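First comes the structure, then the notes that go with it.
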Amino acid sequence: MKLLKKLTIKSLKLNKKRTIVTVIGIMLATALITAIASLLVSFRQSLIDYEIQERGRFHYAFFDVPQDELKYIENNRNVENYYTIENLGYGKLENSRTYDYVYLKAFDDKALQDSYLKLKEGRLPETDTEIVISKNIITEAGVKYKVGDEITLNVGKRIREGEEINQSTVYYEEEITDSTEELPTVQEPQEEFVPEFTKTYKVVGIIERPSIVIEPYTSSGYTVITYLADSKKAEDVDIFTWYKDLDDRFKTTADILGITED
């Protein structure tokens, strides 16, 4: 080993220019590899952060979960955390120049935090008598609510052709025709509003339009959000879950749904 070491040092001294160029090349290559690796990691994290900011912090969402089936999520060891949203129903939006309804949702503490609601003014609700409203109610519908106002909502269900409408139901379906044909008259199906309860809420905040997970583009009502004090008393709820290990995501989801992994 000593002889090899001496020969190496002697060779490096005899070829100083080549040695310097080699050292510089190694340094540049190492810096380049490190920079590319850092860039890729940073880009990946930026995409994750953007997705969380735009849609909320969750991996999988389960909609209309009955209370007696919540145990399959709570007792799953690979579910690290979850938050709960209860869909309370539609309320009439008077004097609106666009949609005639708001859609009332109740968020628990984690949902208010992890849904990344973007406040423009005021604060988030802290009791079930407070709400935040979407700014689109003001800018699009033209209903000039402000922080501190009180809104009395007659909340209930919308029934169309025997089926209940939710935020995923399109406002009405247009018939697609050839551009050379005369456009048909589009008639919106008749619907019935079934009131369930009336409650007065205080507006404590105004938010940007929620993510498409909360308010899809096909929605026919502006989202208003109140506080969910006790998720155990809610009936059918939407559950947004965060898994510990995404490598087992298919098995975890299958276990929750009670189906095979295939």
Side-chain angles (χ1 to χ4, degrees), residues 48-59 61 63 65 80-156 166-167 196-217 219-242:
I48 293 172
D49 292 342
Y50 175 79
E51 189 72 10
I52 289 174
Q53 292 288 338
E54 290 298 309
R55 293 174 179 263
R57 186 181 185 274
F58 70 95
H59 288 141
F63 299 98
V65 179
E80 180 179 341
N81 215 333
Y82 70 89
Y83 56 86
T84 305
I85 296 176
E86 182 182 15
N87 299 306
L88 298 175
Y90 284 97
K92 287 290 185 71
L93 181 61
E94 303 296 338
N95 303 316
S96 171
R97 61 189 180 209
T98 51
Y99 299 135
D100 297 328
Y101 293 94
V102 295
Y103 193 71
L104 181 62
K105 291 174 175 278
F107 284 37
D108 68 6
D109 288 310
K110 291 178 183 175
L112 289 172
Q113 177 182 349
D114 289 347
S115 294
Y116 287 87
L117 301 173
K118 299 171 184 175
L119 271 172
K120 284 184 61 64
E121 186 180 347
R123 60 173 174 82
L124 296 175
E126 297 173 353
T127 71
D128 59 4
T129 60
E130 298 177 340
I131 59 171
V132 292
I133 65 172
S134 168
K135 74 164 188 178
N136 288 8
I137 292 177
I138 302 169
T139 58
E140 291 184 5
V143 182
K144 303 300 182 181
Y145 287 124
K146 61 182 182 297
V147 173
D149 286 350
E150 289 191 345
I151 303 175
T152 298
L153 292 178
N154 191 16
V155 181
N166 57 35
Q167 288 288 75
E196 295 184 318
F197 67 91
T198 301
K199 191 169 180 177
T200 299
Y201 297 92
K202 182 179 179 180
V203 179
V204 296
I206 297 171
I207 60 173
E208 297 281 356
R209 184 184 187 277
S211 73
I212 61 172
V213 178
I214 296 171
E215 185 183 298
Y217 291 128
S219 298
S220 56
Y222 296 106
T223 302
V224 294
I225 298 168
T226 187
Y227 180 70
L228 180 59
D230 188 357
S231 60
K232 299 299 182 183
K233 293 182 179 179
E235 295 182 1
D236 293 350
V237 293
D238 296 342
I239 303 294
F240 295 78
T241 59
W242 186 268

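These numbers come from a predicted model, not from an experiment. Numbering starts at 1 and runs along the sequence shown.
N87 has its side chain out of reach of N166: every pair of non-hydrogen atoms, C-beta onward, lies at least 4.5 Å apart. Counting heavy atoms from C-beta on, the side chains of Y99 and L93 never come closer than 4.5 Å. In this structure, T223 and K105 have side chains that are in contact, with non-hydrogen atoms separated by less than 4.5 Å. In this structure, V224 and I151 have side chains that are not in contact, with every pair of non-hydrogen atoms separated by 4.5 Å or more. Contact check for I206 versus I137: no side-chain heavy atoms found under the 4.5 Å cut-off. No side-chain heavy atom of T200 sits under 4.5 Å from any side-chain heavy atom of T129. Side-chain contact check for L104 versus Y201: some heavy-atom pair is nearer than 4.5 Å. The shortest side-chain heavy-atom distance between N136 and T98 does not fall under the 4.5 Å cut-off.
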Would you give me the side-chain donor-acceptor pairs under 3.5 Å for residues 114-121, sequence neighbours excluded?
| residue | atom | partner | partner atom | Å |
| --- | --- | --- | --- | --- |
| S115 | OG | A111 | O | 2.8 |
| K118 | NZ | E54 | OE2 | 3.3 |

What pairs of donor and acceptor atoms, side-chain ones from residues 138-148 against any protein atom, are under 3.5 angstrom apart with sequence neighbours left out?
| residue | atom | partner | partner atom | Å |
| --- | --- | --- | --- | --- |
| T139 | OG1 | K135 | O | 3.2 |
| E140 | OE1 | Y222 | OH | 3.4 |
| K146 | NZ | D149 | OD1 | 3.4 |

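Classification of the Y83-F58 ring pair by plane angle, with boundaries at 30° and 60°, yields perpendicular.
There is a side-chain donor-acceptor pair under 3.5 Å between D109 and Y227. Counted by atom type alone, E196 and Y90 present zero donor-acceptor pairs between their side chains at under 3.5 Å.
Interatomic distance, E86 CD to D238 CG, rounded to the nearest 0.5 Å: 9.5 Å. Between I214 atom CD1 and Y103 atom OH the span is 12.5 Å, to the nearest 0.5 Å. Going from atom CD1 of I131 over to atom OG1 of T226 covers 7.0 Å, rounded to the nearest 0.5 Å. To the nearest 0.5 Å, atoms NZ (K92) and CG (L153) are separated by 12.0 Å. Separation of atoms CG (L88) and CG (L228) is listed at 8.0 Å; rounding is to 0.5 Å. With rounding to the nearest 0.5 angstrom, the NZ atom of K199 is 3.5 Å from the CG atom of D128.
Residues passing the salt bridge (Lys or Arg N to Asp or Glu O under 4.0 Å) test with E215, sequence neighbours excluded: R209.
Summarising the local packing, CG of N95 is surrounded by 12 or fewer heavy atoms from other residues, nucleotides or ligands at distances under 6.0 Å.
The two residues V132 and R123 make their nearest non-hydrogen contact at CG1-O, 3.2 Å. Minimum heavy-atom separation, Q167 to P216: O-CG, 3.9 Å. Here the shortest heavy-atom pairing between L124 and L112 reads CD1-O, 3.8 Å. Between P125 and E130 the shortest heavy-atom distance is CB-O, 3.6 Å.
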